[in-house]
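What follows is a single structure, written as structure tokens, with notes after it.
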Amino acid sequence: MQEVVARGQALLGGSGIGETDEASPAQVAAWAAQEFGVHLAVACSMADATLPHLISRHAPWVDVLFLETGYHFAETRGTRDRVELEMDVTVVDVLPELTVAEQDAAHGTDLFARDPAACCAMRKVEPLHRTLGGYEAWVTGVRRQEAPTRAQTPLVTWDEKNGLVKINPVAAWTDADLTGYAEEHGVILNPLLGEGYPSIGCAPCTARVAPGADPRSGRWAGLDKTECGLHT
């Protein structure tokens, strides 16, 4: 697989990260579909269905992994259901080993408030790692503009932690690019995006964001935490 990564980087990467000759999201999606076929998965938080839409145009009925943490907003679950019903994809619910009630019994109520890193590890990172073992590559919606920690995100890389190829077709997209694509193609959107939640995670750990503020400032607000661990 390392050879596949090198080949993909050479073919799609152009002259470097952020350069104008990088491959377009559609070109990356087409390469991923051709290279991996049914062994490809798409990760989707259900903030919007842009990534599933992009990939499914090249890989119909691709598996779309939804991390069902047990703490989602009702709107997020509703978006997940719409994606399953209206799009040519296969939604796969990725479940933690413990239900919320079982986690509360084992580790105390509201672990997310006392140790959010541990909660994310159990309800997101470990379940995804376990599920990705059944694939050769996964596609994410990580974008360089989202945070300084993501500024050097490549289009194709080797995911050492999960042991498979990681593909980031929209890494170069700005917020305007994302919005433009969604409007052009009538992509399903989570209603919370229009209610002050530009970045949507679990309900207890996601707050509304003031106009003009960092879009991710509502995630784990007030804590020294900016990532759930999926992409670090």
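All heavy atoms count here, side chains included; hydrogens, waters and symmetry mates do not.
Following chains of ILVMFWY side-chain contacts shorter than 4.5 Å, one cannot reach Leu95 starting from Val100, and the two form parts of different hydrophobic clusters. By the rule that hydrophobic residues join a cluster once side-chain heavy atoms approach within less than 4.5 Å of another member, Val187 and Val62 end up as members of one cluster. By the criterion of side-chain heavy atoms lying less than 4.5 angstrom apart, applied directly or through intervening Ile, Leu, Val, Met, Phe, Trp or Tyr residues, Leu178 is grouped together with Leu155 in one hydrophobic cluster. Val139 and Leu164 are assigned to two separate hydrophobic clusters, defined by single-linkage of ILVMFWY side chains at heavy-atom distances under 4.5 Å.
The salt bridge (Lys or Arg N to Asp or Glu O under 4.0 Å) search around Asp104 returns none, not counting sequence neighbours.
Going from atom CG of Leu192 over to atom OG1 of Thr79 covers 7.5 Å, rounded to the nearest 0.5 Å. Considering OG1 of Thr153 and CD1 of Ile17, their distance stands at 7.5 Å, rounded to 0.5 Å. The distance from atom CD1 of Ile200 to atom OG1 of Thr206, rounded to the nearest 0.5 Å, is 8.0 Å. Note that CD of Glu75 is 13.0 Å distant from CZ of Arg82, once rounded to the nearest 0.5 Å. Atom CD1 of Ile55 sits about 13.0 Å away from atom CG of Asp63, to the nearest 0.5 Å. How far OG of Ser15 is from CG of Asp21: 3.5 Å, rounded to the nearest 0.5 Å.
Shortest non-hydrogen contact noted between Pro198 and Gly196 is CD-O, 3.3 Å. Across every non-hydrogen atom of Trp173 and Pro25, the tightest pair is NE1-CG, 3.4 Å. Here the shortest heavy-atom pairing between Ala59 and Ala33 reads CB-CB, 3.9 Å.
Counting heavy atoms from C-beta outward, Leu51 and Pro169 have side chains that approach closer than 4.5 Å. Contact of the Val64 side chain with the Val92 side chain is not registered, since no non-hydrogen atoms from C-beta on lie closer than 4.5 Å. For the pair His185/Arg57, a side-chain contact is recorded, criterion being any heavy-atom separation below 4.5 Å from C-beta on. Here the side chains of Ile188 and Met87 are in contact, with some heavy-atom distance below 4.5 Å. Contact annotation: the side chain of Arg7 approaches that of Glu35 to within less than 4.5 Å [non-hydrogen atoms, C-beta and beyond]. Residues Leu40 and Tyr135 form no side-chain contact, since every pair of their non-hydrogen atoms from C-beta on lies 4.5 Å or further apart. Between Tyr71 and Cys119, some side-chain heavy-atom pair lies under the 4.5 Å cut-off. Using a 4.5 Å heavy-atom threshold, the side chains of Lys124 and Leu128 count as separate.
Annotation for Glu102: atom CD counts as buried by contact number, over 12 foreign heavy atoms lying within 6.0 Å. Residue Glu3 places its CD atom among 12 or fewer non-hydrogen atoms of other residues, nucleotides or ligands, all under 6.0 Å distant.
The pair Asp93-Arg80 meets the salt-bridge criterion, since a charged nitrogen lies less than 4.0 angstrom from a carboxylate oxygen. A salt bridge links Glu126 to Arg130: one of the charged nitrogens lies within less than 4.0 Å of a carboxylate oxygen. A salt bridge is defined here as a Lys NZ or Arg NE, NH1 or NH2 lying under 4.0 Å from an Asp or Glu carboxylate O, and Arg144 with Glu22 meets this definition.
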Inset, instruction - Take Leu65 and Leu132 through the side chain to side chain contact (heavy atoms under 4.5 Å, CB included) test and state the conclusion after the steps. - result: CA-CA 9 Å; Leu65 309 183; Leu132 288 177; 3.8 Å; yes

Legend entry - Verdict with supporting geometry, Val28 and Ile167, side chain to side chain contact (heavy atoms under 4.5 Å, CB included): CA-CA 8 Å; Val28 178; Ile167 304 167; 3.5 Å; yes

Inset, instruction - Apply the test salt bridge (Lys or Arg N to Asp or Glu O under 4.0 Å) to residues Arg143 and Asp175: give CA-CA distance (whole Å), side-chain angles for both, the deciding distance (0.1 Å), then the verdict. - result: CA-CA 9 Å; Arg143 295 186 295 119; Asp175 293 343; 2.9 Å; yes

Inset, instruction - Take Phe66 and Ser45 through the test side chain to side chain contact (heavy atoms under 4.5 Å, CB included) and record every step on the way to the result. - result: CA-CA 6 Å; Phe66 173 60; Ser45 67; over 6 Å; no

Legend entry - From CA spacing to verdict: side chain to side chain contact (heavy atoms under 4.5 Å, CB included), Val170, Leu54: CA-CA 10 Å; Val170 298; Leu54 174 70; 3.9 Å; yes

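Neither side chain, Tyr197 nor Asn190, offers a donor N or O lying under 3.5 Å from an acceptor on the other. Between the side chains of Arg123 and Gln103, at least one donor N or O sits under 3.5 Å from an acceptor N or O. Looking only at atom types and distance, the side chain of Thr140 has a donor-acceptor partner in the side chain of Asn168 under 3.5 Å away. Judged purely by distance below 3.5 Å, without hydrogens or angles, the side chains of Trp138 and Asn162 never pair a donor atom with an acceptor atom.
A centroid separation of 6.0 Å or more is found between the aromatic rings of Phe112 and His107.
Between His53 and Tyr181, the two ring planes are perpendicular [angle over 60°; tilted spans 30° to 60°].
Applying the ring pair (Phe, Tyr, Trp, His ring centres under 6.0 Å) test to every pair with at least one member in residues 6-33, sequence neighbours left out, gives these pairs: Trp31-Phe36.
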